[in-house]
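Down below is the structure, laid out as structure tokens.
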Amino acid sequence: MIYQKPKGTRDLFGFELERLETVNSIARRFFKKSGYQELKIPWVIDKRVYVLIPEGTASVWRAFIENKLSLPARFLYIGSMFRKERPQKGRYREFEQIGIELLGESQPFYDAEIIEQAKRFLEIIGAYDFFIEINSIGCPKCRSAYKNILKSYLKPHMNTICTDCQRRFGKNFLRIFDCKEETCQKIYDRAPMITDHLCLECREHYAHVKKYLGIFKVDSKENKKLVRGLDYYTRTVFEFKQKGLGAQDTIIAGGRYDLLMKELGGSDIPCLGWAMGPERMLLALPQDVPQLEDRTSIYIAVIGERYVETMLKVRDTLVKNDFICVMAAPEDSIKDQLRQANRLKVDYVILYGEDEAEKGMYAIKDMKTGEQHSIVPDQLLQFLKKS
RNA sequence: GUGAGUGUAGCUCAAUUGGCAGAGCAUUGGACUGUGGUUCCAAUGGUUGGGGGUUCAAGUCCCCUCACUCACCCCA
């Protein structure tokens, strides 16, 4: 072994890859029909060193500016993202993400719409047992006023909260609400919440978002402790959480970030979006969801090299007609060929050798029942299609 | 970065207070020379993750290291 795969990465193949790709193609179909255009963004975000993208939003913005695209714009991106944390259940260092970004829309209608689209998408895939949490974290105006209120509430408790929270207090203020310590949570339960300290505009925006969620018939639960660590988030934040997962149970997270564009040095453009971790979601689903396309598979057993050419034509016809088709090397014994066919779990085997050539027929064997009969070449496609 | 748990055949796992490294499945061959899967018989398969130590003797006990898993942390 020359080298092993880096920690937190995986080789995807077989069923696992198949269902991930199925989710991706459903996403493409669904969101393109909803007016989104796909954007393929580079994994590398630095000229000299290989710095890998941790999320898609900033890159989508960069692409928007660099390509001088016009507003309003809806983008879909699908691909690998990277994080450096130690892996655990539902958290890999290289992981898949499906995300959408909606640029240039400030109406609360759209906050509700992207939540509804996420929900419909999950339903199409066959996900269930998830719930939606929403909150509003206001704008810089109400948030800075609120931060002072929260700070003065927390001051007397500084020695009671855990060391992690003390660190968060200085670095990532609102994130203290995410703490898993019970003693900390007891203190935060009685803390003033940002949702109750919104300015008039933010309050109205939030009320409209909830109104539209009602019109869209999307059930959601308000979680006043749901926050974001970064300052460019404004107003609406939401998460979809999946039951039956471990500590990492958020399958979709998103919100509104009207200040991001300014932070990146651009003009003032509002933006909404979310990102989904399909692998994490699939962890909680039964193996047969989403439903895979079930194609009939055929193995062509050839007995004698001089029949290869005839069977190559059959193979090409089958592939053109969307069957899965594998051909055997004529040097292998018929026993080996059938054994291979069995291992590949194919539905049918076409056998062709001296006997069949003389009669001008194909022998076709149903691998489930073991039945075998002769069929004239012209009827092959018809026979396979009705099966 | 921190903590806990697990590493034995290709896979899933056994192995008593330290006492001959095993089973099932898989693989290969045969029974069966143009018929897989089922059945029967046989064979192959291991520096017990790696290194060091204690001991007459280590899969088992001690130390180090690597990998995986879960949790903390982080979460744009």
Side-chain angles (χ1 to χ4, degrees), chain A residues 1 3-10 41 45 52-62 77 81-93 95 97 99 101 162-168 171-172 174-181 184 226-233 237 239 241 245-257 259-260 263-264 271 273-277 280 283 299 301-304 307 328 330 332-358 363-373:
Chain A
M1 190 89 70
Y3 67 93
Q4 321 174 263
K5 63 180 182 293
K7 188 192 286 286
T9 64
R10 298 166 306 151
I41 46 184
I45 49 174
L52 301 169
I53 48 173
E55 53 101 36
T57 302
S59 295
V60 170
W61 275 99
R62 198 223 74 245
Y77 60 88
M81 303 289 161
F82 306 84
R83 57 160 77 86
K84 65 177 188 305
E85 288 86 13
R86 189 173 289 198
Q88 70 187 73
K89 185 173 183 173
R91 185 171 84 181
Y92 309 104
R93 288 203 166 151
F95 62 104
Q97 208 163 75
E101 303 288 340
C162 67
T163 49
D164 282 328
C165 278
Q166 287 170 10
R167 187 167 45 78
R168 290 187 187 105
K171 190 185 149 209
N172 221 341
L174 292 177
R175 279 268 160 197
I176 55 166
F177 288 122
D178 290 336
C179 185
K180 282 163 183 159
E181 288 291 331
C184 295
L226 186 65
V227 292
R228 286 290 124 93
L230 297 178
D231 280 339
Y232 58 71
Y233 268 94
V237 293
E239 284 183 14
K241 289 182 180 168
L245 287 180
Q248 307 290 326
D249 63 348
T250 300
I251 54 171
I252 293 180
R256 176 175 280 282
Y257 16 93
L259 297 173
L260 175 63
E263 191 150 298
L264 294 176
C271 181
W274 51 250
M276 169 189 184
R280 198 177 275 187
L283 271 180
Y299 186 92
V302 191
I303 308 117
Y307 304 117
D332 286 338
S333 72
I334 192 160
K335 195 190 191 83
D336 283 339
Q337 295 190 32
L338 274 165
R339 189 181 292 169
Q340 285 299 329
N342 186 61
R343 281 187 192 157
L344 293 169
K345 296 182 174 49
V346 298
D347 300 308
Y348 292 97
V349 173
I350 294 170
L351 296 107
Y352 196 73
E354 204 176 340
D355 296 355
E356 289 75 21
E358 268 174 27
I364 186 155
K365 181 168 182 141
D366 184 328
M367 292 299 276
K368 268 200 192 73
T369 63
E371 280 172 40
Q372 182 175 323
H373 36 261

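Order of the sequence lines fixes the chain letters, A, B, ..., with proteins taken first and strands second; residue numbering starts at 1 for each chain.
Counting only heavy atoms from C-beta on, Asp164(A) has its side chain closest to C73(B) among U35(B), G34(B), C73(B). The Ile334(A) side chain lies nearest to G34(B) when the options are C73(B), A76(B), G34(B). Checking G34(B), C75(B), G29(B) against the side-chain heavy atoms of Leu351(A) singles out G34(B) as nearest.
At distances below 3.5 Å, not a single donor-acceptor pair connects side-chain atoms of Arg256(A) with backbone N or O atoms of Tyr233(A). Within the 3.5 Å criterion, the main-chain N or O of Lys84(A) finds a donor-acceptor partner in the side chain of Arg93(A). Not one N or O on the side chain of Arg167(A) forms a donor-acceptor pair closer than 3.5 Å with the backbone of Cys162(A). Panel note: side chain Arg91(A), backbone Arg86(A); a donor-acceptor pair is recorded below 3.5 Å.
OP1 or OP2 of C74(B) sits under 4.0 Å from a side-chain N or O of Arg167(A). The phosphate of U69(B) (OP1 or OP2) has no side-chain N or O of Arg10(A) nearer than 4.0 angstrom. At least one side-chain nitrogen or oxygen of Lys180(A) sits closer than 4.0 Å to the OP1 or OP2 atom of C72(B). Taking side-chain N and O atoms only, Gln88(A) has no distance below 4.0 Å to OP1 or OP2 of C70(B).
Residues Ala253(A) and Glu239(A) share a closest heavy-atom pair of CB-CG, 4.0 Å. Smallest separation of non-hydrogen atoms from Ala275(A) and Tyr77(A): CB-OH, 3.8 Å. Considering every non-hydrogen atom in both Cys165(A) and Ile176(A), the closest pair reads O-CG2, 3.7 Å. Minimum interatomic distance between Gln97(A) and Glu55(A) (heavy atoms only, all atoms of both residues): OE1-CA, 4.0 Å.
The side-chain heavy atoms of Trp61(A) and Cys271(A), taken from C-beta on, include a pair separated by under 4.5 Å. For the pair Ile303(A)/Glu354(A), no side-chain contact is recorded, criterion being any heavy-atom separation below 4.5 Å from C-beta on.
At a cut-off of 3.5 angstrom, counting only N and O atoms as typed in the model, there is no donor on one side facing an acceptor on the other between the side-chain of Asn342(A) and the base of G37(B). Residue side chain Lys365(A) reaches the base of U35(B) through a donor-acceptor N/O pair under 3.5 Å, judged by distance alone. Put simply, the side chain of Gln372(A) and the base of G36(B) share no donor and acceptor less than 3.5 Å apart.
In this structure, Tyr257(A) reaches neither bases nor backbone, as no heavy-atom distance under 4.0 Å exists between it and the strands shown. Residue Gly370(A) is in base contact, counting any heavy-atom pair closer than 4.0 Å across all strands shown. As judged by a 4.0 angstrom heavy-atom cut-off over every strand, Asn172(A) is placed among residues touching the sugar-phosphate backbone only. At a threshold of 4.0 angstrom between heavy atoms, the contacts of Lys335(A) include nucleobase atoms, whether or not backbone atoms are also involved. Residue-level contact check: Ala247(A) touches the backbone only, with heavy atoms under 4.0 Å from sugar-phosphate atoms and none from bases. At the heavy-atom level, Gln97(A) lies nowhere under 4.0 Å from the strands shown. Residue contacts shown for Arg83(A) are absent, as no nucleic acid heavy atom lies under 4.0 Å away. Residue-level contact check: Gln248(A) touches the bases, meaning some heavy atom is under 4.0 Å from a base atom.
Residue order along RNA chain B, read from the 5' end via each residue's closest nucleotide, puts Pro6(A) first among Val227(A) and Pro6(A). Nearer to the 5' terminus of RNA chain B, by closest-nucleotide assignment, is the contact made by Met367(A) (compared with the other of Met367(A) and Asp178(A)).
Summarising the geometry, the separation between NZ on Lys171(A) and P on A76(B) is reported as 11 Å, rounded to the nearest angstrom. Taking atom CZ on Phe95(A) and atom C1' on C75(B), their separation rounds to 9 Å, with Å as the unit. Whole-Å rounding puts the Leu245(A) CG to U69(B) C1' distance at 16 Å. One atom, CG of Asp355(A), and another, P of U35(B), lie 11 Å apart when rounded to the nearest Å. Computed from coordinates, the Asp332(A) CG to G34(B) C1' distance equals 14 Å when rounded to whole Å. Atom OH of Tyr348(A) is separated from atom P of U35(B) by 22 Å (rounded to the nearest Å). Taking atom OH of Tyr77(A) as the reference point, atom P of A76(B) lies 12 Å away to the nearest angstrom. Counting to the nearest Å, the P atom of U35(B) and the CZ atom of Arg343(A) are 18 Å from each other.
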- Task: Apply side-chain contact (heavy atoms from CB on, under 4.5 Å) to Asp164(A) and Cys179(A), showing your working.
- Result: CA-CA 8 Å; Asp164(A) 282 328; Cys179(A) 185; 5.7 Å; no
- Task: Begin from the C-alpha positions of Arg280(A) and Phe95(A) and carry the test side-chain contact (heavy atoms from CB on, under 4.5 Å) through to its verdict.
- Result: CA-CA 9 Å; Arg280(A) 198 177 275 187; Phe95(A) 62 104; over 6 Å; no
Pairwise N/O distances under 3.5 Å, protein to nucleotides 65-67 of chain B:
none

Using a cutoff of under 3.5 Å, can you pull out all pairs of nitrogen or oxygen atoms linking the protein to nucleotides 1-3 of chain B, with atom names and distances?
from	atom 1	to	atom 2	distance (Å)
U2(B)	O4	Arg86(A)	NE	3.3
U2(B)	O4	Arg86(A)	NH1	3.1

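Stem regions for RNA chain B, each three or more consecutive Watson-Crick or G-U pairs with both distances under 3.5 Å and listed by first number, read B:1-7 with B:66-72, B:10-13 with B:22-25, B:27-31 with B:39-43, B:49-53 with B:61-65.
Considering Leu351(A), Asp366(A), Ile364(A) as possible partners of Gln372(A), the one that fulfils the side-chain contact (heavy atoms from CB on, under 4.5 Å) test is Leu351(A).
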